Structure formats: C-alpha cells, structure tokens
**Student:** 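Could you have a look at this structure, given as structure tokens, before my questions?
What you see is a predicted model, and the numbers here were worked out from it, not measured in a lab. Scope of the values below: all heavy atoms of this structure, side chains included, with no hydrogens, waters or symmetry mates.
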Amino acid sequence: MEFLIFCIIAVALAEIYVWYAHIRHRRMVWKLIYWIPYAFLLASMVWMSYSKISIWKIYTLSGLIIAFFAPFTVFAFFSFIGNCIHRYTRRGRKAGIAAGLVFGAMTLAAGITGLTYGWKHIVVRETEIRSERLPESFRGYRIAQISDLHIGTYSYAPEKVREIVDRINALRPDLIVFTGDIINIYPEELVQFTEELDRLEAPDGVYAIMGNHDYCGYADYTPEEQDNAILRLQNLEKEAGLELLLNRNVIIRRGADSLALIGIEYAGQPQFPCKGDVQLASEGLPEGIFKILLSHDPSFWHSDIMPHASADITLSGHTHAMQCRIGPFSPSMFLFDEWGGLYEKNGVKIHVNTGTGSNIPFRIGAWPQIDMLTLEGFATKS
C-alpha cells in the first residue's frame with residue numbers, strides 16, 4: 001500500500017509540473033489533448049468501481065498506467081532536473097527535456113515489452129540449498145517450487161499453463177510445492193485449468209498452501225458468499241491434483257530417514273486474514289525431524305519463523321519481485337527484507353519464489369519463474 005501511495009503521489013506531482021512548465025501557455029487544443037489520458041483513467045476507475053472486477057478491466061487499467069503514466073513521470077523527472085539546473089546556470093533546460101524524452105521512450109519500450117512478452121516469458125532457476133541437518137538419504141532431493149500463479153491472468157494465454165506443467169514434469173522433481181495465490185479474484189478462474197494442472201507429476205506428491213488472494217477477499221462477496229467461494233476454490237484445487245496443507249504436515253520418507261513438509265494457512269501482513277498456525281501445523285512431528293515449511297508471505301518468516309527456528313527451510317512467494325527487476329534491484333527490496341531467492345539467518349533458510357504468474361499481465365526482468373531446488377548436506381571433512 002505504501003508503494004502504491006508513493007506512485008500516486010509521484011504521478012500527481014509529475015502532472016502538476018508538466019502542466020505548469022510545458023502546457024499551460026499552449027493553445028487550447030494542446031490543453032485538451034493533455035487531459036485525454038486523465039479523463040480515460042478516471043472513467044476506467046469509475047467503470048471498475050461500479051461494475052464487477054474482471055481481469056480484462058485490470059489489464060486495461062494497468063496497460064494505461066504502464067504504457068503512459070510511467071514514461072510520462074520519467075519525462076517529468078528529467079525535465080524538472082533540467083529546469084532546476086537552468087534556474088542557477090541558465091543552461092540545462094533543453095538537455096533535461098532531451099533526457100526526459102530518451103528515458104521516457106525507454107520506459108515506454110520496457111512497458112510494452114512487459115505487457116506483451118514479459119509476463120509470458122517463463123524461466124527455470126536452479127538453486128542448491130545446503131543444510132548440515134539434512135538426512136543423508138535426502139541429499140540431492142529435488143523440489144520444484146511454483147508460486148503466485150494468479151491463473152486468471154493466463155486465461156489470455158492458456159498455452160502457458162501447459163508450458164509450465166510440461167517444463168516442471170521435464171525436470172523430474174521428487175516433490176512439487178505451490179506456495180499460494182492460485183487465483184486473482186474468483187474461484188472460477190481455475191475451472192478451465194484443473195485438468196492441465198492435474199498432469200503435474202512427482203513421486204512424493206504435489207502439495208499447496210493458500211495465499212492471501214485464495215481467501216477471495218478481493219471480490220464483492222458477503223461473508224457467507226466468501227466462505228462458499230473459499231470452499232469452492234479448495235475443491236477445485238483438489239480436482240487439479242493439489243493436496244492442500246492447511247495448518248498440517250506430512251512426513252516424507254527415504255529408507256530409514258524422513259523429513260516433514262509443513263503447510264500453514266496465510267500469515268503475514270495484517271491487512272489480510274492471518275490464519276497460519278505453525279504450532280498446530282507441526283503437531284505430532286517427531287523431535288528433531290528436518291522441517292520444510294510452506295508459508296506464502298516471507299515477512300512471517302522474518303518475524304516469527306526465523307527467530308524461533310521453527311523450520312530448517314521455509315519456502316515462500318507473495319512478493320512477485322513487484323514484477324519488475326533490473327539486475328539485483330527490484331522495488332520489492334523496499335517492502336520486504338526477503339523478496340527473491342535464498343536467504344539465511346541464524347542457521348535457518350528461506351527461499352522466496354518471485355512468482356510463476358502475474359496478478360497484472362506485466363513483467364520486466366522479474367520473469368515468471370519455476371524454481372528447481374536441490375537439497376544438499378555439507379561435505380564431510382577428511
């Protein structure tokens with residue numbers, strides 16, 4: 001929410017500046033043209049407010065913001081810098097405008113790429129996770145992690161769900177885990193994909209937990225309708241071959257060795273329903289067993305799991321890397337301490353998947369990702 005407020009303020013300041021510096025003295029036709037995108041944005045927001053939310057409406061609104069307002073704000077920033085330099089040196093105004101046009105055009109190109117290509121460019125990332133507590137029989141154990149499918153968005157590219165399933169199966173994982181947010185808004189988004197997801201195969205099973213979107217709180221439901229929608233979604237996930245871990249655990253065995261896979265309901269940011277209970281989910285586990293915990297929001301690991309060493313490895317999602325990444329930089333780093341990849345503190349680890357889907361059809365740099373995690377111990381010193 002803080003990031004959204006920041007973006008709104010940035011766009012508003014850019015609009016005020018460009019009007020004052022470049023538009024207010026121009027002819028009426030340019031003034032009218034200037035306000036057209038804002039009128040369209042306002043109409044879109046009113047339209048979304050007074051009608052049922054749909055993926056198509058979100059696509060339209062996000063496309064307008066990314067393809068126009070983002071490059072517009074970049075242009076305003078560089079033009080403003082140029083004007084500030086000009087105020088004290090009598091030069092720099094034209095350079096600021098030129099830089100604004102160049103970087104604004106680059107932002108526009110990145111936006112179009114993200115809207116048309118980026119959210120469909122699925123990648124696989126291999127990661128090795130080492131732990132001295134890992135049982136010997138589980139060395140080399142392979143876990144495919146996906147997260148945040150937001151599968152309704154893929155209704156515009158259903159072949160990509162088939163690609164995700166095919167690529168996961170081709171990796172031949174021992175275990176497949178899905179760390180929440182299978183839908184955007186409505187359970188019905190999943191209906192057309194249940195048979196496709198049911199093709200996922202792993203010897204030790206396909207397990208899932210629920211993310212904040214999976215509690216159907218973004219739809220205009222009454223409390224009773226929301227409860228029914230949650231139950232409908234959970235039944236659809238079962239039809240899709242996903243075994244839900246709702247504050248419970250399963251034990252996976254290899255010969256005489258075993259590890260626990262623990263799944264909790266959503267726990268993390270307080271604006272969402274927090275039903276996760278690690279203690280309840282861990283009931284009945286043998287003392288000292290190696291634990292892998294599935295928890296949708298990584299902020300819960302930082303505040304609750306890591307300080308108490310409740311799990312050896314936690315697997316999370318939720319951040320999406322804000323669906324934007326340039327090298328090691330992502331806006332997510334300002335919102336989450338652990339936002340993408342593998343982290344370790346106090347001897348326990350968390351791996352954050354940056355999303356296999358997209359809640360809006362846009363990604364740049366932070367491509368849709370399948371994570372192949374290989375568990376290893378530490379080599380014994382001779």
Side-chain angles (χ1 to χ4, degrees), residues 1-88 90-119 153 156 184-185 218 220 320 322-324 326 331 334-335 358-365:
M1 180 59 70
E2 293 84 357
F3 184 75
L4 178 61
I5 292 172
F6 170 79
C7 290
I8 292 171
I9 293 173
V11 171
L13 291 174
E15 183 274 329
I16 293 170
Y17 165 75
V18 172
W19 171 264
Y20 180 82
H22 299 289
I23 302 298
R24 67 189 179 106
H25 297 304
R26 294 190 176 272
R27 296 168 61 181
M28 181 58 68
V29 65
W30 289 108
K31 294 178 181 179
L32 292 174
I33 291 173
Y34 180 75
W35 289 110
I36 287 175
Y38 297 96
F40 186 74
L41 177 63
L42 179 62
S44 298
M45 294 177 70
V46 171
W47 176 43
M48 291 184 68
S49 299
Y50 288 94
S51 61
K52 185 177 180 180
I53 297 174
S54 69
I55 304 302
W56 184 75
K57 292 175 183 177
I58 294 172
Y59 203 164
T60 301
L61 187 59
S62 59
L64 175 65
I65 293 170
I66 292 166
F68 176 77
F69 288 101
F72 172 86
T73 303
V74 169
F75 166 79
F77 172 78
F78 283 98
S79 175
F80 175 74
I81 296 298
N83 266 339
C84 289
I85 294 172
H86 178 81
R87 180 178 291 266
Y88 295 102
R90 295 302 175 186
R91 62 183 64 182
R93 177 177 292 169
K94 290 183 178 180
I97 292 173
L101 290 172
V102 169
F103 285 99
M106 292 171 62
T107 304
L108 175 60
I112 293 173
T113 300
L115 287 166
T116 58
Y117 166 80
W119 66 279
T153 307
Y156 290 94
N184 284 313
I185 304 166
Y218 292 91
D220 188 20
H320 296 220
M322 295 292 287
Q323 299 182 196
C324 178
I326 302 173
F334 300 113
L335 303 178
S358 309
N359 54 0
I360 62 170
F362 168 85
R363 278 185 179 266
I364 191 74

**Student:** Partners of Thr116 by side chain to side chain contact (heavy atoms under 4.5 Å, CB included), sequence neighbours excluded?
**Tutor:**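 With sequence neighbours excluded, Thr116 shows a side chain to side chain contact (heavy atoms under 4.5 Å, CB included) to Ile112, given in chain and number order.
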**Student:** Ignoring hydrogens, what is the shortest heavy-atom contact between Gly104 and Pro71? Give both atom names and the distance.
**Tutor:**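 That would be O-CB, 3.2 Å.
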**Student:** For residues 64-75, pull every pair meeting side chain to side chain donor-acceptor pair (under 3.5 Å), keeping only residues two or more places apart or in separate chains.
**Tutor:**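 Applying side chain to side chain donor-acceptor pair (under 3.5 Å) to every pair that reaches into residues 64-75, excluding sequence neighbours, yields nothing.
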**Student:** Hey, what do you get for CD1 (Ile66) to OG1 (Thr113), rounding to the nearest 0.5 Å?
**Tutor:**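 So the CD1 of Ile66 and the OG1 of Thr113 are separated by 11.5 Å.
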**Student:** So, using side-chain hydrogen bond (donor to acceptor under 3.5 Å, both in side chains) as the criterion, who are the partners of Tyr17 when residues are at least two apart?
**Tutor:**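 With sequence neighbours excluded, Tyr17 shows a side-chain hydrogen bond (donor to acceptor under 3.5 Å, both in side chains) to Ser79, Asn83, given in chain and number order.
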**Student:** Heavy-atom count around Ile326 CD1 within 6.0 Å, excluding the residue itself: above 12?
**Tutor:**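 Atom CD1 in Ile326 is not crowded, with 12 or fewer foreign heavy atoms closer than 6.0 Å.
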**Student:** Could you tell me which residues satisfy ring-ring contact (aromatic ring centres under 6.0 Å, His included) with Phe75, sequence neighbours excluded, listed by chain and number?
**Tutor:**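 In terms of ring-ring contact (aromatic ring centres under 6.0 Å, His included), with neighbours along the sequence ignored, Phe75 is linked to His22.
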**Student:** Are any side-chain N or O atoms of Gln323 and backbone N or O atoms of Asn359, one a donor and one an acceptor, separated by less than 3.5 Å?
**Tutor:**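 Between the backbone of Asn359 and the side chain of Gln323 there is a qualifying donor-acceptor contact (under 3.5 Å).
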**Student:** Search all heavy atoms of Ile364 against all heavy atoms of Ala110 and return the closest pair with its distance.
**Tutor:**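 Nearest heavy atoms, Ile364 then Ala110: CD1-O, 3.8 Å.
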**Student:** Parallel, tilted or perpendicular: which fits the ring planes of Phe69 and Phe72, with parallel below 30° and perpendicular above 60°?
**Tutor:**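 Because their plane-to-plane angle is over 60°, the rings of Phe69 and Phe72 count as perpendicular.
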**Student:** Applying side chain to side chain contact (heavy atoms under 4.5 Å, CB included), can you list everything that pairs with His86, at least two apart in sequence or on another chain?
**Tutor:**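 Applying side chain to side chain contact (heavy atoms under 4.5 Å, CB included) to His86 gives Arg90, Arg93.
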**Student:** So which atom in Tyr34 and which in Ile23 form the shortest heavy-atom distance, rounded to 0.1 Å?
**Tutor:**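 Of all heavy-atom pairs spanning Tyr34 and Ile23, the closest is CD1-CG1, 3.7 Å.
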**Student:** Starting from the C-alpha separation in whole Å, work towards a yes-or-no answer on side chain to side chain contact (heavy atoms under 4.5 Å, CB included) for Leu13 and Phe80.
**Tutor:** CA-CA 11 Å; Leu13 291 174; Phe80 175 74; over 6 Å; no
**Student:** Given 3.5 Å as the limit, does a donor-acceptor pair link the side chain of Lys31 with the main chain of Arg24, or not?
**Tutor:**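 Confirmed, Lys31 side chain pairs with Arg24 backbone.
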**Student:** Taking side chain to side chain contact (heavy atoms under 4.5 Å, CB included) as the test, write out the residues that go with Trp35, two or more places apart.
**Tutor:**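 Trp35: side chain to side chain contact (heavy atoms under 4.5 Å, CB included) contacts with Glu15, Trp19, Tyr38.
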**Student:** What closest approach, in Å, do Cys324 and Pro331 show between heavy atoms, and which atom pair accounts for it?
**Tutor:**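 Smallest interatomic distance, heavy atoms only, reads O-CD, 3.4 Å.
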**Student:** Return the set of residues passing side-chain hydrogen bond (donor to acceptor under 3.5 Å, both in side chains) with Ser358 (not counting sequence neighbours), or none when no residue passes.
**Tutor:**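 side-chain hydrogen bond (donor to acceptor under 3.5 Å, both in side chains) check on Ser358 returns Arg363.
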**Student:** Locate the shortest heavy-atom distance separating Tyr156 from Trp119; write the atom from each residue and the value.
**Tutor:**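 Closest approach of Tyr156 to Trp119, heavy atoms only: CB-CH2, 4.0 Å.
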**Student:** With sequence neighbours left out, write down each residue that passes side chain to side chain contact (heavy atoms under 4.5 Å, CB included) with Phe103, or none if nothing qualifies.
**Tutor:**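 Phe103: side chain to side chain contact (heavy atoms under 4.5 Å, CB included) contacts with Val74, Phe78, Ala99, Met106.
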